[in-house]
Amino acid sequence: MQFMTSWNSTNLFKKRFALGLALSKCLQTTSIDLKEAMALAKNTKQELEEIRINADTYFREIFEQVKLMTAQFDIEIKIPRTAKRQTNRCNIEVDNAETYYRISIFIPYLDKYIIKLENRFTNHHTTLSSFHSLFKEIGYDEDFIILTRQYSEDLEDVGNREEVFKNEFKLWQRKLQNLQELAKLKNAMYALSVCNRVMFPNVFKLLQILATLPVSSASNERSFSTLKRIKTYLRNSTSEGRLNGLTMLSINRHYQITADEVLIELSNKKRRLEFLL
């Protein structure tokens, strides 16, 4: 019976992990944008909620696949024994195996997936809510002022600051209204490309902050994993500078470095012996 439950769970994970694959890849990229990641997370959550509403239809498809596999191995799908009092496992009184596994495995998994997704991005949603004003053509003056107060130390120190910020924000919104490619203004990097740093210095700075806000810890964890592979017991005597250089080369392996560039770099350093090329 435990084997049967594992088989159902495996097919369920295969379906649901495929749905979250796009979000997983997005969170692991180095040039991730908070606005785009939040939009993708929202779409993933909405898709999961739709599956949760139509759980009967979606699980029937999964259960049919399980039935085909169990038929190949001559395994009968059974319902676990129920008792009047049970605390260690699900104890649902049904006479249909599909209904039992849908209620005991499929629906709880979807509920937990949705809750975890909400909890994971709650803080990001709070942070991003005030940045939405930078992408709107009209209104949101109060949100922009709240944003300028939050990052006041990074913005220009001028007299009558709030009035200056409001007027700059109105001019930025006017530019958005005249922008023909407003539909493409989906992330901070593209907004930075159309924002004039001289005309809108504070808006530009806020867009820079949005573009550099950390969404995940994938980049940091990637460097830790690289360090474990490089600093082996045979390289314990490696100096810090050389170790940092090897780590950066491993992380940024997509950059092509020629042998001549390495030789030139070594020849420029002071050595006891002459470096002859």
Side-chain angles (χ1 to χ4, degrees), residues 1-29 32-129 132 186 214-222 224-225:
M1 190 54 60
Q2 186 178 2
F3 175 75
M4 190 64 243
T5 304
S6 301
W7 211 334
N8 275 286
S9 301
T10 302
N11 280 271
L12 173 62
F13 293 157
K14 182 178 68 174
K15 291 284 186 180
R16 295 314 114 214
F17 284 166
L19 180 61
L21 181 61
L23 180 60
S24 177
K25 287 183 176 180
C26 178
L27 293 175
Q28 294 181 52
T29 55
I32 185 173
D33 185 273
L34 180 61
K35 184 175 174 60
E36 282 187 324
M38 286 295 299
L40 184 55
K42 182 180 178 181
N43 294 337
T44 304
K45 176 176 170 289
Q46 289 175 346
E47 185 66 23
L48 288 168
E49 289 174 342
E50 182 178 345
I51 294 174
R52 175 63 178 86
I53 294 172
N54 303 296
D56 295 355
T57 305
Y58 280 92
F59 185 73
R60 187 173 297 115
E61 178 185 348
I62 297 174
F63 194 74
E64 289 298 326
Q65 294 178 359
V66 173
K67 288 170 65 177
L68 290 175
M69 287 189 291
T70 54
Q72 293 177 1
F73 295 94
D74 196 21
I75 298 174
E76 183 182 357
I77 301 178
K78 297 181 180 180
I79 301 174
R81 179 179 58 85
T82 58
K84 292 183 179 180
R85 184 178 180 181
Q86 180 62 258
T87 58
N88 296 325
R89 61 175 174 80
C90 189
N91 193 45
I92 305 171
E93 295 184 2
V94 294
D95 56 358
N96 187 315
E98 180 181 342
T99 305
Y100 175 83
Y101 288 111
R102 185 181 70 246
I103 297 175
S104 62
I105 298 177
F106 186 66
I107 293 177
Y109 172 74
L110 286 178
D111 291 339
K112 190 170 184 178
Y113 198 156
I114 293 171
I115 291 173
K116 290 292 184 180
L117 202 59
E118 289 178 347
N119 294 337
R120 169 66 176 80
F121 290 96
T122 296
N123 293 333
H124 288 324
H125 181 74
T126 304
T127 303
L128 188 62
S129 59
H132 276 303
K186 296 179 180 179
V215 182
S216 68
S217 59
S219 296
N220 298 332
E221 293 172 1
R222 191 178 292 114
F224 296 150
S225 300

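Both backbone and side-chain heavy atoms feed into the values below; hydrogens, waters and symmetry mates do not.
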To the nearest 0.5 Å, what is the distance between [atom1] on [X] and [atom2] on [Y]?
X	Y	atom1	atom2	value
R102	I107	CZ	CD1	5.5 Å
L48	D111	CG	CG	10.5 Å
I51	T57	CD1	OG1	11.5 Å
R60	N54	CZ	CG	11.0 Å
Y58	E50	OH	CD	4.5 Å

Residues that [X] engages under side-chain contact (heavy atoms from CB on, under 4.5 Å), provided they are two or more places apart:
X	answer
D95	none
I53	none
N43	Q46
A41	L23, F121

Residue of the set F59, F63, Y100, Y101 for which ring-ring contact (aromatic ring centres under 6.0 Å, His included) holds with F106: F59

For K45, which residues count as a side-chain hydrogen bond (donor to acceptor under 3.5 Å, both in side chains) partner, sequence neighbours excluded? E49, E118

Taken in chain and number order and not counting sequence neighbours, the residues that satisfy salt bridge (charged side-chain N to carboxylate O under 4.0 Å, His left out) with E47 are none

